[in-house]
Amino acid sequence: MNTKNKKKYYITTPIYYPSGAWHIGHCYTTVACDAIARFKRMQGYEVFYLTGTDEHGQKILKNATEKGITPIEFVNPLVENIKELWSVLDISYDGFIRTTDEFHKKAVQNIFTRLYEKGDIYKSVYKGKYCAPCETFLTETQLKDGNCPDCNREVNDAEEEAYFFRLSKYGEQIKKHLSETDFLVPKARANEMIKFIEAGLEDLAVTRTSFDWGVKVPFDEKHVIYVWIDALSNYITALGHFGKENGECSVMCEPRDKKTNNNTTLHSPLSTLQFWPADLHMMAKEITRFHAIIWPAILLSLELSLPKQIYSHGWILFDGGKMSKSVGNVVDPFILSERYSADALRYFLLSELSYGQDSNYSSEQFLTKVNSDLVNDLGNLTKRTLSMVKQYFKGKVKIGKETEHCKDFIEKVNALNGQVDEKIKDNDVAKAISTIFSLISHSNKYIDLTAPWALNKEGKFDLLSSVLFNLLEAIRVSSTLLKPFLTKTPSRIFEAIKIKEPTDFKKALHNPKGSYNVGTNEAVMLFPRLDIKKELEELASLAE
RNA sequence: CGCGGGGUAGAGCAAUGGUAGCUUGUCGGGCUCAUAACCCGAAGGUUGUAGGUUCGAGUCCUACCCCCGCAACCA
């Protein structure tokens, strides 16, 4: 395939930390990025979508030690598990990076050396509160009543030799960038970062000697490189930057089924280098600072371009609190996908979080949304339309006579593509998907306004055929635009309306034939209606 | 006086300074193509509190109350 004329689009999730079970909090960023990646592909972009896992650090070492296994033995099954989760949720990532990948570790060492030789990393002494039994340095704010939050014992002042990164050197430059551009959105987050910089940046301790589960400093092996440089740099090492031959990496996935719309053209390792700078780093708000201050500082020091944009989204809260295993409020995405389909979970996640804000999860909300939007609106619209086409015309309808209602309706159908694109440009997946669903809702209104059953009785078959054609057009266009968001349902719809599944938006704007022949088989039921009360009970019993 | 976000019908959310809307739930009506679905209508609000600016404030300003996050080397 000729890729020279294609515009590139590089999008990333954070790399996730495998310290416990994965929950729907982890799914949101990944699904949202997936929707944007798929959307851009259908717009004709050459997309590289990267996700992965951050596997070093003291917490993983500690968890592994407690289980009596090595860190890599601890981490491997969790990584397999998250890949399984992404497979269940149909995540079309092009690359999956692990910080334990050999090429990444080498690249991180090269980066560290480069920063050191440049003079932006220097050796000094880290001073802090230290809990000897836990072998952990703690900050003032981590302390609980002045004691260790884990073991509740007394902490002491302690010192440790460490390498420091000159974060302070880049503060002004980053502050300027944050205030003058839309580098970080929403704007409120940028303001927060600006204030943080104004409060004064300290240089950052970027190595540790208190544990060894990490990448070693190449010229001083008692130090391991800490999370900042190790994890953040995944965004460039995955592309091959700072690899052995500047281009050595191995994160690319095998080509997958074309139907999933995965990128099948990205298989020359050298070509990935040109994907930098990233078009979008997406993440939840708690790690904004690392991406909006520390990461740009590292890039500036490396003399690489900054990512074009960082989008920091809110959290999915559970009963108003942050989702966490210890509170026992973790919702298992495997169970939800299996019971209600991956599309149902994707739909909920994508439509639930309003731009930049936190949101809540409750099973009742989830089930209600599935019932009202997917079952009642989309599912029922498809079924009732198809069954009219089959009943009244044995499956064959064509464009014909129009009324005022029809004109209005067709205008709405034609406007949809542009409207959705606008929302995606703003990273607002929730508004994008709700825009599509507003056409679905309008379609149900259109049926009532035109009353096809009455047209049939009155023998106005030309108009009736046209109305049903318009409805199929609306279903076809909305399904096309829905493809990046729901990965299974649109295919089923295209199959039901006997149309070849579109792979890009341009070609999908008009039905060249001006007619449909959907056959006479029984109309498909896309989503079964849920008995919410019963489902809530079942989910509760599964949680035990 | 550390920094930032939020407080809007029962619930969940939306509103470039210009008629406070949407979804869900409740109540009433309609329709019969459809999965107890779909369509229409109604009820439901002192927009946290008190002031101020303005012809006009959910929106801007001031003070206060409540909730949440950050406060750097946990990720």
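First the proteins, then the strands, lettered A, B, ... as listed; each starts at 1. Computed from heavy atoms alone, side chains included, the values below leave out hydrogens, waters and symmetry copies.
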Between B:A71 and B:U8 - P atom distance, rounded Å: 27 Å
Sub-3.5 Å donor-acceptor pair from the side chain of A:T53 to the main-chain atoms of A:E55, do we have one? no
Using the C1' atom as the reference point in each nucleotide, state the distance between B:G10 and B:A43 in Å, no decimals. 12 Å
Can you list every pair that meets ring pair (Phe, Tyr, Trp, His ring centres under 6.0 Å) and has a residue in residues 184-211 of chain A, with sequence neighbours left out? none
The correct set of residues in residues 447-460 of chain A placing a heavy atom under 4.0 Å from RNA chain B is A:D448, A:W453
Results of salt bridge (Lys or Arg N to Asp or Glu O under 4.0 Å) for A:K195 - residues two or more places apart only: none
Please give, in whole Å, the distance from B:A11 P to A:L367 CG? 20 Å
Classify the angle between the aromatic ring planes of A:Y311 and A:H313 as parallel (below 30°), tilted (30 to 60°) or perpendicular (above 60°). tilted
Can you tell me the distance, in whole Å, between the CG atom of A:D54 and the P atom of B:C74? 14 Å
Intra- and inter-strand pairs of RNA chain B in dot-bracket (Watson-Crick or G-U wobble, both distances under 3.5 Å; | for another strand): .((((((..((((....[..)))).(((((.......))))).....(((((..]....))))))))))).....
So if I take every side-chain heavy atom of A:N376 and compare against B:A15, B:A75, B:C38, which nucleotide ends up nearest? B:C38
Rounded interatomic separation in angstrom, taking NZ from A:K175 and P from B:G4: 13 Å
When you match A:D377 and A:M525 each to their closest nucleotide on RNA chain B, which lands nearer the 5' end? A:M525
Salt bridge (Lys or Arg N to Asp or Glu O under 4.0 Å) with A:R339: which residues, sequence neighbours excluded? A:E535, A:E538
Is the Lys NZ or Arg CZ of A:K83 less than 6.0 Å from the centre of A:F96's six-membered ring, within 45° of the axis? yes
In whole Å, what separates the C1' atom of B:A50 from that of B:G5? 23 Å
Which nucleotide wins on minimum distance to the side chain of A:V227, given the candidates B:C38, B:A75, B:U35? B:A75
How is A:A188 classified with respect to the nucleic acid when contacts are heavy atoms under 4.0 Å: base, sugar-phosphate, or nothing? sugar-phosphate
When all nucleic acid strands are considered with a 4.0 Å heavy-atom cut-off, which category describes A:D373: base, sugar-phosphate, or nothing? nothing
If the threshold is 4.0 Å, N to carboxylate O, is there a salt bridge linking A:E495 and A:R492? no
To the nearest angstrom, the NZ-C1' distance between A:K431 and B:C22 comes to 11 Å
Among all residues two or more places apart in sequence or in another chain, which pass the salt bridge (Lys or Arg N to Asp or Glu O under 4.0 Å) test with A:K396? none
Rounded interatomic separation in angstrom, taking CG from A:L178 and P from B:G4: 15 Å
Could you tell me which residues satisfy side-chain contact (heavy atoms from CB on, under 4.5 Å) with A:T368, sequence neighbours excluded, listed by chain and number? A:E364, A:I532
With a 4.0 Å limit, can you tell me whether A:K195 has a side-chain N or O closer than that to the phosphate oxygens OP1/OP2 of B:G4? yes
Looking at residues at least two apart in the chain, or sitting in another chain, which of them share a side-chain contact (heavy atoms from CB on, under 4.5 Å) with A:D426? A:D428
Taking NZ from A:K285 and C1' from B:A71, how many angstroms apart are they, rounded to a whole number? 15 Å
Quick one: side-chain contact (heavy atoms from CB on, under 4.5 Å) partners of A:A188, sequence neighbours excluded? none
Given the C1' atoms of B:U35 and B:C65, what is the spacing between them in whole Å? 49 Å
Rounded to the nearest angstrom, tell me the gap between atom CZ in A:R189 and atom P in B:G6. 9 Å
Phosphate contact (B:U35 OP1 or OP2) by A:K383 side-chain N/O below 4.0 Å: yes
Whether A:Y446 contacts B:C38 is assessed here as follows: a side-chain N or O lying under 4.0 Å from the phosphate OP1 or OP2. Is that the case? no
When all nucleic acid strands are considered with a 4.0 Å heavy-atom cut-off, which category describes A:V375: base, sugar-phosphate, or nothing? base
Give A:N191 one of three labels, base, sugar-phosphate or nothing, depending on what nucleic acid heavy atoms sit under 4.0 Å from its own. nothing
C1' atom, B:U59 versus B:A14: distance in rounded Å? 13 Å
For nucleotides B:C64 and B:G58, find the distance between their P atoms and express it as a whole number of Å. 23 Å
From the set B:A75, B:U35, B:C39, return the single nucleotide nearest to any side-chain atom of A:K445. B:C39
Within residues 17-27 of chain A or reaching into it, pairs that qualify as salt bridge (Lys or Arg N to Asp or Glu O under 4.0 Å) - sequence neighbours excluded: none
With a non-hydrogen cut-off below 4.0 angstrom, is A:L526 in contact with a base, only sugar-phosphate, or nothing? base
Consider the side chain of A:R384, meaning its heavy atoms from C-beta on, and name the nucleotide among B:G12, B:C33, B:A75 that approaches it most closely. B:C33
Residues in residues 196-204 of chain A with a heavy atom under 4.0 Å of RNA chain B, by number, are A:F196, A:G200, A:L201, A:E202, A:D203, A:L204
Inter-nucleotide P distance (B:C33, B:G21), Å rounded: 36 Å
Strictly under 6.0 Å, is that where the ring centroids of A:H442 and A:F409 end up? no
Spacing of A:L386 atom CG relative to B:U35 atom P, expressed in whole Å: 12 Å
Across all chains, not counting sequence neighbours, the side-chain contact (heavy atoms from CB on, under 4.5 Å) partners of A:E159 are A:V125, A:K127
Say we look at B:G45 and B:A11: how far apart would their C1' atoms be, to the nearest angstrom? 15 Å
If you assign each of A:M388 and A:R289 to its closest nucleotide in RNA chain B, which residue comes earlier from the 5' end? A:M388
Could you check whether A:Y16 gets within reach of a base, just the sugar-phosphate, or nothing at all, counting any heavy atom under 4.0 Å? nothing
